[in-house]
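Quick notes on the structure that follows.
Letters A, B, ... mirror the listed sequences (proteins, then strands); counts begin at 1. Scope of the values below: all heavy atoms of this structure, side chains included, with no hydrogens, waters or symmetry mates.
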Amino acid sequence: MQFTFHPNVYNTNPRSKGLLDLLEQVWIKDRKAGVGVNFIISGFSNYNGGVRFYEIFKEHIDKGGKCIVILGGSTSQRLSSIQVVEQLLEIGCEVHLINRKRLLHAKCYGFISDVDQGVVISSGNFTGPGMSQNIEASLLLRGKHVDELNFSWEELRKSIFSQSWDIYSPTLAKRLDPAWSLLYDESRFKVPFENEQEVTMLLTLVHSDTARIQANRKTKESRGSQYFWVSKESFDFFPALTIKNKRGIKPTYSTIIRMNYVDLGVIDNKCRVTFEAGNNLDFRLGTGKLRYSKLAKPGDLAAITRISEYEYELRVFTKASDTYNKLNHYAINLIGNEGKKYGYIPNDEFFKALAKN
DNA sequence: ATCACTGGGTCG
DNA sequence: CGACCCAGTGAT
């Protein structure tokens, strides 16, 4: 039994923080792929909400398991996206959309198998923000606690489908089916950019982030790609990571953004952000333009400002600067083992802090 | 010349 | 073993 109030506000178990952790517990930890049925019920959903789990669900389904997904759908509100539903169907999930004026607003996640069951009841939707930076409360029940409740996924499922609701079940084969009209398009420039998304990520840099920035041409140190490694919680800071890897075997999910390197006066239209789902869960921001520039060293603070859905600005503040001291205390999340910290500051406050210098 | 990938390392 | 850290190789 666990309760969390995220992001990192209050957790009954200090080792598990937030909805994402609870979902990892019901869908990954102590679960055998292929055994049982996974459930997702969520009013809202988008691609990045599931990016941590697509590979897990695929393996589960490929080995004989099931995933039943019930989402909100609407022609007038942006409840669930085409992209998340396409992805869930591609990996073999059963997806149902509830089209209702008084909308499906519940968020329940979990699984049932012959030996165990788990339930997560949360305020967090199956979306990037719901999983990371929104303030959300979540309760996890597992095993005997679910039995005590007398909860049954099967009863809940049956009851939902016996209501006189408009339930649509999109399939990949019938793309003209009205079910698809209940979904919104998350692709480039189709989603409006909300005020609360205008934030700047502050990220302290470590050796791996700056080794190639500090390197000289044609040296051993300069080889390989230049990235900043960001937190696994970062997927609500970036657009839908719908680009799959073309070459390799290890699944990755990427997106291309425009990065304005303010310190360099250079704009990169093909800045790549990648979640390495099949390789250590690395989350990388490509920052190749900084190579050889000597502009950042370990301990410095990178400020990545989201200007619009796909446009970002990057500034680096050295540890000695006044701005560093002003911004540093916003980087409240301690991650990794090298003293990396990150956090967010609203853009208007960020620019105010810049203007004072 | 650059970067999409690879596959380890490390610490708790 | 999860999640950042690191050092490349080989494709483009």
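- The phosphate of B:dA4 has neither OP1 nor OP2 within less than 4.0 Å of any side-chain N or O from A:Arg223.
- Residue A:Phe275 is out of contact with every strand shown, counting any heavy-atom pair closer than 4.0 Å.
- A donor-acceptor contact shorter than 3.5 Å links the side chain of A:Thr204 to the backbone of A:Lys341.
- Ring orientation note: the planes of A:Phe126 and A:Trp27 are nearly perpendicular, at an angle over 60° on the 30°/60° scale.
- Nearest to the side chain of A:Arg247, among B:dA4, C:dC5, C:dG2, sits B:dA4.
- Applying the salt bridge (charged side-chain N to carboxylate O under 4.0 Å, His left out) rule to pairs touching residues 171-184 of chain A yields A:Glu86-A:Arg175, sequence neighbours excluded.
- Straight-line distance from the OH atom of A:Tyr292 to the P atom of B:dA1: 8 Å, rounded to whole Å.
- Ranking B:dT2, C:dA11, B:dG7 by closeness to the A:Arg217 side chain, first place goes to B:dT2.
- With B:dC5, C:dG8, B:dC3 as the choices, the nucleotide that has an atom nearest any side-chain atom of A:Thr252 turns out to be B:dC5.
- Side-chain contact check for A:Glu349 and A:Tyr330: at least one donor-acceptor pair (N or O, by modelled atom type) lies under 3.5 Å.
- Closest approach to the A:Lys250 side chain among C:dG8, B:dT2, B:dG7 is made by B:dG7 (side chain taken as heavy atoms from C-beta onward).
- How far CD1 of A:Ile256 is from SG of A:Cys271: 7.5 Å, rounded to the nearest 0.5 Å.
- The aromatic rings of A:Phe237 and A:Tyr312 sit perpendicular to each other, their planes meeting at more than 60°, with 30° as the lower class boundary.
- Both A:Lys218 and A:Pro251 lie near DNA chain B, and the one whose nearest nucleotide falls closer to the 5' end is A:Lys218.
- Comparing B:dA4, C:dC4, C:dA3 by their nearest atom to the side chain of A:Arg272 picks out B:dA4.
- Residue contacts for A:Glu221: at a heavy-atom cut-off of 4.0 Å it reaches no nucleic acid atom on any strand shown.
- Computed from coordinates, the A:Lys17 NZ to C:dG2 C1' distance equals 12 Å when rounded to whole Å.
- In this structure, CG of A:Asn337 is placed 15 Å from P of C:dG2, rounded to the nearest angstrom.
- A:Lys246 has no side-chain polar atom (N or O) that falls below the 4.0 Å cut-off from OP1 or OP2 of B:dA4.
- Residue A:Asn279 places no side-chain atom within donor-acceptor reach of the base of B:dC5, judged by atom type and a 3.5 Å distance cut-off alone.
- Nearer the 5' end of DNA chain C, as judged by each residue's closest nucleotide, is the contact made by A:Phe283, out of A:Lys220 and A:Phe283.
- Of all the residues in residues 224-240 of chain A, A:Gly224, A:Ser225, A:Tyr227 reach under 4.0 Å from DNA chain B with at least one non-hydrogen atom.
- In this structure, CD1 of A:Ile213 is placed 12 Å from P of B:dC3, rounded to the nearest angstrom.
- The interatomic distance linking A:Arg212 (CZ) with B:dC3 (P) rounds to 11 Å, in whole Å.
- The CZ-C1' distance, from A:Arg291 to B:dA1, rounds to 8 Å in whole Å.
- No donor-acceptor distance shorter than 3.5 angstrom exists from the side chain of A:Glu155 to the backbone of A:Phe151, with no hydrogens or angles considered.
- The NZ-P distance, from A:Lys340 to B:dG12, rounds to 17 Å in whole Å.
- Among the heavy atoms of the strands lying under 4.0 Å from A:Arg284 is at least one base atom, whether or not backbone atoms are also near.
- The number of heavy-atom neighbours closer than 6.0 Å to CG of A:Leu149, taken from other residues, nucleotides and ligands shown, is above 12.
- As rounded to whole Å, 18 Å separates atom P of C:dC4 from atom NE2 of A:His207.
- Comparing B:dG7, C:dA3, B:dC5 against the side chain of A:Asn245 picks out B:dC5 as the nearest.
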